[in-house]
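Each remark here refers to the structure printed beneath this line.
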Number of protein chains: 2
Amino acid sequence: MTATARADSRQSPRKRAGNGAAPRDVADDVGLDALVGHAGYAVRRFQIWIFQDFIKTLGEVDIRPTQYSVLTVIGANPGLSQMAVAKRLGIERARLVHLLDSLEKRKLVKRIKSKEDRRSHALHLTAQGETALTKFKRLAAEHERHVEAKIGKENRAHLLRILSGFT
Amino acid sequence: MTATARADSRQSPRKRAGNGAAPRDVADDVGLDALVGHAGYAVRRFQIWIFQDFIKTLGEVDIRPTQYSVLTVIGANPGLSQMAVAKRLGIERARLVHLLDSLEKRKLVKRIKSKEDRRSHALHLTAQGETALTKFKRLAAEHERHVEAKIGKENRAHLLRILSGFT
DNA sequence: GAAAGATTGTTGTTGACGACAACAATTGCC
DNA sequence: GGCAATTGTTGTCGTCAACAACAATCTTTC
């Protein structure tokens with residue numbers, strides 16, 4: 001049913017395709033037709049927009065969305081292992097290694113060798129990391145207001161409710 | 001206001017952070033706190049889920065979301081230039097080159113040298129591409145039903161309405 | 001009508017990111 | 001004590017966005 005708009009022209013599409021009947025130099029009025037109504041497409045475009053705004057809004061402190069999520073989880077749950085953080089955020093532990101390397105180099109996070117399980121590291125924010133995170137959160141809240149301005153306050157709330165199952 | 005859940009513990013967070021007070025071997029009940037209420041995080045997680053389902057549902061025909069969007073746009077607007085397609089879908093023309101290379105190798109799309117503008121290529125589906133696309137659309141509709149089953153029919157509809165501005 | 005500037009497709013590089021595989025150190029199981 | 005599983009780490013591979021450079025071609029401008 002997404003193809004309804006094409007149903008007629010599909011019977012003999014090469015009639016127009018033969019030569020340059022419609023090369024269309026105007027790129028803005030291209031019909032999406034079947035693409036509209038696809039949740040994945042809309043979500044992808046929205047996600048791109050929202051990440052770009054986040055990166056831009058937190059640009060002055062050079063924090064990307066993934067880094068922010070890591071800092072937030074560690075800040076809320078000090079002493080967590082890398083495995084636990086990775087599992088919670090749905091990122092691979094291999095990936096988390098590099099993330100923590102850079103965050104540790106910036107003195108925002110420290111890895112402390114756990115005494116209960118000497119394989120694992122207990123993750124903590126540094127004092128500097130604590131104060132930095134509060135600033136990041138202030139900027140993130142500003143970003144959140146941009147989202148509200150873009151799609152509306154109620155729509156944002158409803159969106160969060162719809163997607164709450166994905167935590 | 002997204003940080004409200006942390007507002008109390010933020011005053012003296014290092015009280016708990018001091019040593020291994022809460023190493024927490026259970027990874028599933030980790031509090032996200034401040035992360036909940038961030039639209040970007042929810043959208044990212046949802047987008048990952050929805051893409052994985054799309055890839056899996058269209059796995060038998062080996063078509064990924066971006067490829068599907070390209071085929072759909074070309075199918076609905078035969079004769080479009082690469083530049084127009086790229087601009088419409090928000091992907092770079094450099095990226096589109098590789099996408100079209102693979103689609104052309106699979107005989108789904110053909111580039112025809114435009115006679116009006118000899119720099120550009122007019123994009124068309126092959127006959128094989130036309131019939132293939134109808135099958136892809138059927139599978140995509142099935143994927144869309146998975147989304148409905150996941151978040152609910154009305155929620156999906158509302159989601160599309162909220163995000164319609166991102167086309 | 002020719003020079004200057006813009007556009008189209010192409011190639012290449014960079015960096016973020018997810019998926020996977022291998023490894024050493026350590027723990028837990030039996 | 002020995003064997004399987006887990007944790008952090010390193011490395012590779014493939015996807016994808018962002019840029020920069022380039023040749024061919026159009027468009028503008030004088």
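Residue numbering restarts at 1 for every chain, and letters A, B, ... go by the order of the sequence lines.
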Sequence neighbours excluded, the answer for salt bridge (charged side-chain N to carboxylate O under 4.0 Å, His left out) partners of Glu104(B) is Arg111(B)
Rounded to whole Å, the CG-C1' distance (Asp117(B) to dT27(D)) equals 10 Å
When the side chains of residues 53-62 of chain A are checked against the rest of the protein, which donor-acceptor pairs come out under 3.5 Å, sequence neighbours left out?
unit_1   : atom_1 : unit_2    : atom_2 : d
Asp53(A) : OD1    : His146(A) : ND1    : 3.1
Asp53(A) : OD2    : Thr57(A)  : OG1    : 3.3
Asp53(A) : OD2    : His143(A) : ND1    : 2.7
Asp53(A) : OD2    : His146(A) : ND1    : 2.9
Thr57(A) : OG1    : Asp53(A)  : O      : 2.7
Thr57(A) : OG1    : His146(A) : ND1    : 3.4

Rounded to the Å, how far apart are Leu96(A) CG and dT10(D) C1'?
-> 14 Å
Test side-chain contact (heavy atoms from CB on, under 4.5 Å) applied to Arg118(A) - qualifying residues, sequence neighbours left out | none
Pairs in or reaching into residues 141-151 of chain B: which pass salt bridge (Lys or Arg N to Asp or Glu O under 4.0 Å), with residues at least two apart or in two chains?
-> Glu144(B)-Arg156(B), Glu148(B)-Arg156(B)
Please give, in whole Å, the distance from dG9(C) P to Ile91(B) CD1?
-> 12 Å
Could you list all N or O pairs between the protein and nucleotides 10-15 of chain C that sit under 3.5 Å apart?
unit_1  : atom_1 : unit_2    : atom_2 : d
dT10(C) : OP2    : Gln82(B)  : OE1    : 3.1
dT10(C) : OP2    : Gln82(B)  : NE2    : 3.1
dT10(C) : OP2    : Arg111(B) : NH1    : 2.7

Could you pull out all donor-acceptor pairs under 3.5 Å where a side-chain atom in residues 43-50 of chain B meets a protein atom, sequence neighbours excluded?
unit_1   : atom_1 : unit_2   : atom_2 : d
Arg45(B) : NH1    : Leu89(A) : O      : 3.1
Arg45(B) : NH1    : Tyr41(B) : OH     : 2.8

Could you go through nucleotides 5-7 of chain C and list every protein N or O atom that sits under 3.5 Å from one of its N or O atoms, giving the distance for each pair?
unit_1 : atom_1 : unit_2    : atom_2 : d
dT7(C) : O2     : Arg119(B) : NH1    : 2.6

Does Arg119(A) have any salt bridge (charged side-chain N to carboxylate O under 4.0 Å, His left out) partners at least two apart in sequence or in another chain, and if so, which?
-> Asp117(A)
Step by step, work out the side-chain contact (heavy atoms from CB on, under 4.5 Å) result for Ser102(B) and Gln67(B).
-> CA-CA 9 Å; Ser102(B) 83; Gln67(B) 295 175 314; 3.7 Å; yes
Which residues, if any, of residues 43-67 of chain B bring a heavy atom under 4.0 Å of DNA chain D?
-> Arg64(B)
Using a 4.5 Å side-chain heavy-atom cut-off and chaining through intermediate ILVMFWY residues, the residues clustered with Val97(B) come out as none
Can you run down the ring-ring contact (aromatic ring centres under 6.0 Å, His included) pairs that involve residues 78-110 of chain B, sequence neighbours left out, and say none if there aren't any?
-> none
Just jot down the salt bridge (charged side-chain N to carboxylate O under 4.0 Å, His left out) partners of Glu92(A), sequence neighbours excluded, or say none.
-> none
Measure from CZ on Arg118(A) to C1' on dG28(C) and round the result to the nearest Å.
-> 15 Å
